Amino acid sequence: MNEFASGVSDTDIPLVQMRGITKSFPGVDALRNVSLDLYAGEVLALLGENGAGKSTLIKILGGAHAPDKGSLQIHGNSEVIAGPVDARRLGISVIYQEFNLVTALSVQENLFLGRERTRLGLLRKRQERAQADALFRRIGVVVDPDALCRSLSVAQQQVVEIAKALAVEARVIIMDEPSAALSPREVERLFAVIRELKAQGIGILYVTHRLGEVMEIADRAMVLRDGEHVETRPVSELTRESIIEMMVGRRLSEEFPKKPASIGGPRLVARNLRRGAVVKDVSLEVNRGEILALTGLVGAGRTETARLIFGADRMESGSVNLDGEKLVIRNPRDAINAGICLLTEDRKQQGLVLGMGVIENFGLPNMRSFAPWGWISQLRERRAMDGHIDRLQVKISTRHQQAQTLSGGNQQKVVLAKWLERNAEVIIFDEPTRGIDVGAKYEIYQLLNHLADQGKAILMITSELPEALGMADRILVMREGRINGEIRAVATATQEQIMEMAVE
Ligand SMILES: Nc1ncnc2c1ncn2[C@@H]1O[C@H](COP(=O)(O)OP(=O)(O)OP(=O)(O)O)[C@@H](O)[C@H]1O
Ligand SMILES: [Mg+2]
């Protein structure tokens, strides 16, 4: 970084300076006159509600979108980023939520992909190997360069992405919701890596919806609302409450609106579920009116357990009863007909048809209820959807806006709306608030309360421990394919208590 030192200290000039950035899409001003400074060695948290413009701003920096207006300086020099190649040349690396790794290739091959070398293959391989080892040493994480990316966990893939950024000598690393698919432990490791990068003078722009992370890792926080810059402040001056207020523009009286529940007898009873090495032996009961949280580390078998109950995978053995009746579930259709629904964590793969409009997506699983005589009652469909869009504050420009052009969180909300319209008795939520902003999280929590109030049985898979502690009536902790612990006195329980059950 010394090539830039010309009498002025490195820390005085921002690494990145964006001024007056404006960007519109058909029907929406995604960014209006937004400015940003990012300094070497700092973590700047980029915050805002779903659809506020965070990803758009990042894509402009990464060369994926061109701004309509605005200017950019990199270390004091005016620059134009016309595409990803420019961004890379300027030392900017973006780690998008959908990684750009070629999963069929090894870690090492991914690290040096697209880099031209004319030397003999073998020599090159050896050099790259040494370089890969050095990169991972620099990050402080052990990853086998020969492993196929496909075989890595999300956390490991993320580390490879970071190594890839370092391999091209990135000075600015942008992370769009990097912790969304990580367990608490993996987030800690990511933070250790980030601290290491900071110490090496790299500037980090960090997008997240988790306020705890902002307090822990960020130096400054910048808030966008409806495409406009609200405020940028040092985190030392902020509290959780003040960040929420900056984001939503009003005070939230509480983060978790848990209501005292009246809990009845067992509704969903799963016994000795087994499948392969992932679900070794799981029994659980969800009672009438109860919100049961199922937590544990990523890979503990929580999603897989849900998939067995829902019939998305075949169980090798085990049984599922609903209201005392034994169910025969061979596929999701059987489950849905029996009154069980599953809101998946992976909206991209399982929840939405990205090429279709919002209302078309909404109608998909609801064909029967909207089409009692074989055609879809458009009016009913529209009314139902409008209600959900309102309640969940989904930000769309028209009902027919293509799902793929919605912000990440808004896509999640459409998936939610779509399933809520079904009248299920048992509802399994897999990470229901992942990627969802605080304001809408609150709405989802109220929705959970409301469903519980109606006597439904709710199973909520969550990695966010504050959420489990804040909303559940009871918590089960999974570890390596089994239930490893139960917490009944949720009100007095702690995150540490859950973590202990999750790891040992
Ligand atoms: N390609 C596109 N075409 C049309 N509209 C778009 C496109 N990309 C983004 N938008 C719109 O621009 C606005 C900002 O979206 P953006 O993805 O930047 O939000 P975000 O702050 O990242 O939200 P989230 O927290 O949900 O990820 C949204 O209203 C979104 O629907
Ligand atoms: Mg986004």
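Just so it is clear, the structure is predicted and the values come from calculations on it, not from any experiment. Numbering of ligands and ligand atoms starts at 1, following listing order.
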Quiz prompt | Partners meeting side chain to side chain contact (heavy atoms under 4.5 Å, CB included) with Ala300 (sequence neighbours left out) | solution = Met478

Self-check item: With Arg225 via side chain to side chain contact (heavy atoms under 4.5 Å, CB included) - residues at least two apart
Solution: Glu49, Val230

Practice problem: Not counting sequence neighbours, which residues clear side-chain hydrogen bond (donor to acceptor under 3.5 Å, both in side chains) with Ser242? List them please. | Solution: Thr239

Assess whether a salt bridge exists between [X] and [Y], defined as any Lys/Arg side-chain N lying under 4.0 Å from an Asp/Glu carboxylate O.
X      : Y      : result
Lys198 : Asp219 : yes
Arg89  : Asp86  : yes
Asp37  : Arg19  : yes
Arg399 : Asp386 : yes
Asp226 : Arg32  : no

Please state whether [X] comes within less than 4.0 angstrom of ligand 1, counting heavy atoms only.
X      : result
Asp437 : no
His209 : yes
Ala52  : yes
Glu177 : yes
Gln402 : no

Do we see a donor-acceptor contact under 3.5 Å between the side chains of [X] and [Y]?
X      : Y      : value
Glu467 : Tyr445 : yes
Ser24  : Asp29  : yes
Ser463 : Arg302 : yes
His450 : Gln454 : yes

Exercise. Sort by chain and number the protein N/O/S atoms that are closer than 2.8 Å to the Mg ion (ligand 2), and list them.
Key: Ser55 OG

Which residue and heavy atom of the protein sit nearest [atom], plus the separation:
atom                    : value
atom 25 (O) of ligand 1 : Lys54 NZ, 2.7 Å
atom 27 (O) of ligand 1 : Gly408 N, 3.5 Å
atom 12 (O) of ligand 1 : Ala30 CB, 3.5 Å
atom 9 (C) of ligand 1  : Phe25 CE1, 3.4 Å
atom 16 (P) of ligand 1 : Thr56 OG1, 3.5 Å

Exercise. Heavy atoms only: give me the nearest Lys395-Leu406 pair and the separation to one decimal.
Key: O-CD2, 3.8 Å

Quiz prompt | Pick from Ser397, Gly51, Pro26, Ser24: the one approaching atom 13 (C) of ligand 1 most closely through a non-hydrogen atom | solution = Gly51

Quiz item: Out of Ile58, Thr405, Leu46, whose heavy atom sits nearest atom 11 (C) of ligand 1?
Solution: Thr405

Quiz prompt | Side chain, backbone, both or neither: the part of Asn50 lying under 4.0 Å from ligand 1 by heavy atom | solution = both

Quiz item: Is Gly53 close to ligand 1, meaning an N/O of one under 3.5 Å from an N/O of the other?
Solution: yes

